[in-house]
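What follows is a set of notes on a single structure, which appears directly below.
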Amino acid sequence: MQDAQDVQRPDWVAHAGELFEAAMFGGDASALDRSDDVLDAVEAPLSMARGKLLHVRFLNDREENGRELALFERAAELYRRLGDASGEADALFWIGCWHQVVKGDGVTGRPYFEQSYALAESVGDRKTMSYAIRHLGFADKDAGDVDRARQRLTESVTLRRAIGFRPGEAAGLVALAYLAAETGNRSVALHHLDEAQAVAESCGAKAVTGWIEQARTTVRA
């Protein structure tokens, strides 16, 4: 509980209070709309943060929580209302991820990834682009289009490398290694894993290091 206790009273609390008093006691009707904007701008990232934590919990224990999807859908709605294209693109990606990863339904997830990528590209959000194109690559692999999957997984790694997203770069190389192994390119797979390990160790991505060891076991089997 120490982290929660250390959080100071945020500025939006005071701002929302002032707008409430302006509307309640000052008769300022416009303060109501301004309050909505203030609170939406808080609720959207909060919904995203809670949804992402639920997703990590799912990855750890494989127990589905329906709140995850509801939180991401709410965030997408709020970001759209606020005109925040980058935020909306991120939320759309996670909606797609819920369908693909949690429900095992890549077909339903695909259009969300496509929308996410297009929206993120329109505002130059390369990190969200890297997530969306990565999971489109997974969808392509599941559909049997290995060449398209490789192209998209490679683009994801390239985007992550360009912005210095080192843990994501390492994770992307692991995905390429699995794809290479599945298509019989064992030497290429091991090369990707060696590169992934160097990147993961350089940025302290211990979880990814564990994924690399699992992948090595699979590739060498």
Side-chain angles (χ1 to χ4, degrees), residues 1-13 15-17 19-20 32-123 125-139 142 156 159-160 163 165 167-168 171-172 175 205 207-208 211:
M1 293 297 294
Q2 189 62 40
D3 288 344
Q5 292 171 356
D6 289 343
V7 175
Q8 296 181 351
R9 184 182 179 89
D11 290 341
W12 69 264
V13 173
H15 191 190
L19 289 170
F20 161 75
L32 295 174
D33 290 335
R34 284 181 282 144
S35 293
D36 284 336
D37 289 343
V38 169
L39 297 176
D40 287 351
V42 174
E43 185 182 352
L46 178 60
S47 294
M48 288 297 298
R50 288 194 182 280
K52 288 178 181 180
L53 289 175
L54 287 177
H55 189 76
V56 175
R57 288 193 171 101
F58 168 79
L59 295 177
N60 289 340
D61 58 29
R62 295 293 162 173
E63 292 185 8
E64 179 184 330
N65 187 324
R67 286 182 61 230
E68 180 184 332
L69 177 61
L71 285 163
F72 292 141
E73 288 178 334
R74 177 61 173 163
E77 175 190 349
L78 293 168
Y79 279 128
R80 191 176 303 117
R81 185 186 303 169
L82 290 165
D84 184 337
S86 183
E88 184 183 353
D90 190 26
L92 288 169
F93 162 75
W94 284 100
I95 293 171
C97 196
W98 186 86
H99 286 290
Q100 185 187 61
V101 177
V102 178
K103 303 300 288 185
D105 184 358
V107 173
T108 299
R110 180 185 289 274
Y112 290 103
F113 299 140
E114 291 171 341
Q115 293 171 50
S116 172
Y117 183 89
L119 196 55
E121 185 178 34
S122 74
V123 292
D125 181 352
R126 290 184 288 178
K127 188 171 186 179
T128 298
M129 288 169 64
S130 80
Y131 274 104
I133 201 71
R134 168 184 169 86
H135 282 258
L136 280 169
F138 293 151
D142 291 342
S156 177
L159 285 165
R160 291 174 172 190
I163 61 175
F165 180 25
V208 181
W211 304 343

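Residues take their numbers from the sequence shown, with the count starting at 1.
With sequence neighbours left out, the salt bridge (charged side-chain N to carboxylate O under 4.0 Å, His left out) criterion links Lys52 to Asp90. Listed by chain and number, the residues in a side chain to side chain donor-acceptor pair (under 3.5 Å) with Ser156 amount to none (sequence neighbours excluded). Residues satisfying the side-chain contact (heavy atoms from CB on, under 4.5 Å) test with Ala175, not counting sequence neighbours, are Arg134, Phe138, Leu153. Residues satisfying the side-chain contact (heavy atoms from CB on, under 4.5 Å) test with Ile163, not counting sequence neighbours, are Arg126, Lys127, Phe165. Checked against salt bridge (charged side-chain N to carboxylate O under 4.0 Å, His left out), Arg80 has the following partners two or more places apart in sequence or in another chain: Glu88.
Residue Leu136 holds its CG atom at 6.0 Å from CZ of Arg110, rounded to the nearest 0.5 Å. In this structure, Glu121 CD and Leu159 CG are separated by 9.0 Å, a value rounded to the nearest 0.5 Å. From Asp125, atom CG reaches atom OG of Ser130 across 8.5 Å, with rounding to the nearest 0.5 Å. Atom-to-atom distance recorded for Ser47:OG and Glu68:CD is 12.5 Å, nearest 0.5 angstrom. Atom CD of Gln100 sits about 14.0 Å away from atom CD1 of Ile95, to the nearest 0.5 Å. Asp40 CG to Ser35 OG: the interatomic distance, rounded to the nearest 0.5 Å, is 10.5 Å.
Centroid-to-centroid, the aromatic rings of Phe113 and Phe93 come within less than 6.0 Å. A distance of 6.0 Å or more separates the ring centres of Trp98 and His55.
A 4.5 Å side-chain heavy-atom check between Arg50 and Arg67 finds at least one atom pair inside the cut-off. Using a 4.5 Å heavy-atom threshold, the side chains of Val56 and Leu53 count as separate. His135 has its side chain out of reach of Tyr117: every pair of non-hydrogen atoms, C-beta onward, lies at least 4.5 Å apart. Looking at heavy atoms from C-beta onward, Val101 lies in side-chain contact with Leu59 at the 4.5 angstrom threshold. Counting heavy atoms from C-beta outward, Leu69 and Lys103 have side chains that stay 4.5 Å or more apart.
Nearest heavy atom pair, residue Leu71 against residue Gly51, reads CD1-N, 3.7 Å. For the pair Ser116 and Ala132, the tightest heavy-atom approach, listed with the atom from each and the gap, is OG-CB, 3.8 Å.
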Anything under 3.5 Å between a donor and an acceptor, one on a side chain of residues 72-79, the other on a protein residue two or more places apart or in another chain? List them.
unit_1: Arg74; atom_1: NE; unit_2: Glu43; atom_2: OE2; d: 2.8
unit_1: Arg74; atom_1: NH1; unit_2: Glu77; atom_2: OE1; d: 3.4
unit_1: Arg74; atom_1: NH1; unit_2: Glu77; atom_2: OE2; d: 3.3
unit_1: Arg74; atom_1: NH2; unit_2: Glu43; atom_2: OE1; d: 3.2
unit_1: Glu77; atom_1: OE2; unit_2: Arg81; atom_2: NH2; d: 3.0

Next item on the list: Report the C-alpha distance between Met129 and Ile133 in whole Å, list the side-chain angles of each, state the deciding distance to 0.1 Å, and finish with yes or no for side-chain contact (heavy atoms from CB on, under 4.5 Å).
Entry: CA-CA 6 Å; Met129 288 169 64; Ile133 201 71; 5.9 Å; no
